[in-house]
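What you see below is based on every heavy atom in this structure, not just the backbone, and it leaves out hydrogens, waters and symmetry mates. Computed from a predicted model, the values in this text were never measured in an experiment. Atoms within each ligand, like the ligands themselves, are counted from 1 in listed order.
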Amino acid sequence: ASDINASSIATQAITKHYPLCASHLQRNMMDNSHLRFTGRQQLALFLKGIGLSIDEAMKFWSYQFTKNPTSMTIEKFNKEYRYNIRHTYGLEGARTKYQPWNCANIMAQPKPLKGEYHGCPYRDLGTESLIMSLNEMGIHDQHELNQVMEDVDRRDYTVACTRVFELTHKQQLATQKSFEGMHISHPNLYFDRSRQLER
Ligand code: SF4
């Protein structure tokens, strides 16, 4: 059975494998008990890509959106958001099989406005927030931080993300030559590789 479900995806054991775009989205969604449209699409498709079933997705989203006394009621959730999540799984409307977005798809969306968290954080977060996020991911060394920020300055966002993957998986990579020269161009690839390295 899959270890990906509505409760496990809120734990560090799973989120430590997320690329920054996904952890940024999920954290803000959980903090705010809400997420606006493009962010919902981006995160829901990522979660589908890591193996979250439609039933578990519905549990996760409905719980997160209704968990606070001040957040919406389950009736409102069912009325306004259920369809949207089911649609992502190809269960409504044209029943299209939507694929999780790759980095290029993500960067082709309109940039996030205030209160939105979709997009690529390497492109869309300000320097200060980005450095804070990198620190949270365990990157503290000034030289390493500079290298990532240089990639960002060159607008090589996937290069920055790949470098962060390498810096945060140094030990595992030292023994896994097959990962050499890998380039991250998809958030689900980041997740899958990270999980593979843990095995
Ligand atoms: Fe996500 Fe891709 Fe940006 Fe990495 S480069 S944070 S995987 S959008």
Side-chain angles (χ1 to χ4, degrees), residues 4 9-10 12-32 35-52 57 60 88 98-141 144-170 172-173 176 178-198:
I4 302 293
I9 59 168
Q12 231 263 325
I14 299 297
T15 58
K16 69 176 179 194
H17 300 295
Y18 282 24
L20 187 51
C21 53
S23 51
H24 178 67
L25 268 170
Q26 187 171 297
R27 180 165 12 125
N28 281 290
M29 181 270 210
M30 290 171 65
D31 286 354
N32 301 328
L35 191 63
R36 288 170 69 182
F37 182 75
T38 312
R40 272 195 328 265
Q41 300 296 103
Q42 185 177 328
L43 180 59
L45 287 167
F46 169 79
L47 293 174
K48 178 172 116 169
I50 70 171
L52 189 69
F60 177 70
T88 310
Y98 295 102
Q99 296 301 321
W101 292 349
N102 64 27
C103 303
N105 299 147
I106 288 170
M107 290 189 229
Q109 301 294 320
K111 287 194 186 183
L113 303 172
K114 195 170 158 25
E116 293 185 320
Y117 304 98
H118 62 269
C120 173
Y122 296 99
R123 183 193 62 181
D124 299 323
L125 281 188
T127 307
E128 220 173 290
S129 313
L130 181 54
I131 290 181
M132 228 194 295
S133 301
L134 294 171
N135 289 160
E136 281 164 17
M137 293 171 93
I139 305 175
H140 299 282
D141 181 87
E144 293 180 349
L145 288 169
N146 289 346
Q147 285 182 314
V148 177
M149 297 315 286
E150 279 166 25
D151 297 332
V152 168
D153 287 342
R154 278 194 302 270
R155 301 185 185 179
D156 287 334
Y157 307 115
T158 57
V159 174
C161 187
T162 303
R163 190 186 297 280
V164 166
F165 183 93
E166 288 167 357
L167 291 172
T168 53
H169 295 79
K170 253 188 229 160
Q172 298 101 307
L173 284 169
Q176 295 261 350
S178 57
F179 282 77
E180 245 169 45
M182 172 202 66
H183 183 78
I184 308 267
S185 53
H186 198 303
N188 288 95
L189 181 67
Y190 188 110
F191 181 86
D192 292 343
R193 293 277 157 93
S194 180
R195 292 262 284 176
Q196 258 170 284
L197 280 176
E198 196 181 54

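- Among the atoms of Cys161, an N, O or S atom falls under 2.8 Å of atom 4 (Fe) of ligand 1.
- Not a single N/O/S atom of His186, whether from backbone or side chain, sits less than 2.8 Å from atom 2 (Fe) of ligand 1.
- In the vicinity of Cys120, heavy-atom distances shorter than 4.0 Å reach the ligand 1 atoms 3 (Fe), 5 (S), 6 (S), 8 (S).
- Atom 2 (Fe) of ligand 1 has as its closest protein heavy atom Cys103 SG, 2.3 Å.
- Proximity of Tyr122 to ligand 1 is established by a heavy-atom distance of less than 4.0 Å.
- Of the candidates Phe46, Tyr190, Phe165, Tyr18 forms a ring-ring contact (aromatic ring centres under 6.0 Å, His included) with just one, namely Phe46.
- Under a 4.0 Å N-O distance rule, the pair Arg27/Glu136 qualifies as a salt bridge.
- Listed for the Asn105 side chain is a donor-acceptor partner under 3.5 Å among the backbone atoms of Asn102.
- Within the listing of ligand 1, atoms 1 (Fe), 6 (S), 7 (S), 8 (S) sit less than 4.0 angstrom from a heavy atom of Cys21.
- Using modelled atom types, one side-chain atom of His118 and one backbone atom of Pro110 make a donor-acceptor pair closer than 3.5 Å.
- Checked by atom type and distance alone, the side chain of Thr162 pairs as donor or acceptor with a backbone atom of Thr158 at under 3.5 Å.
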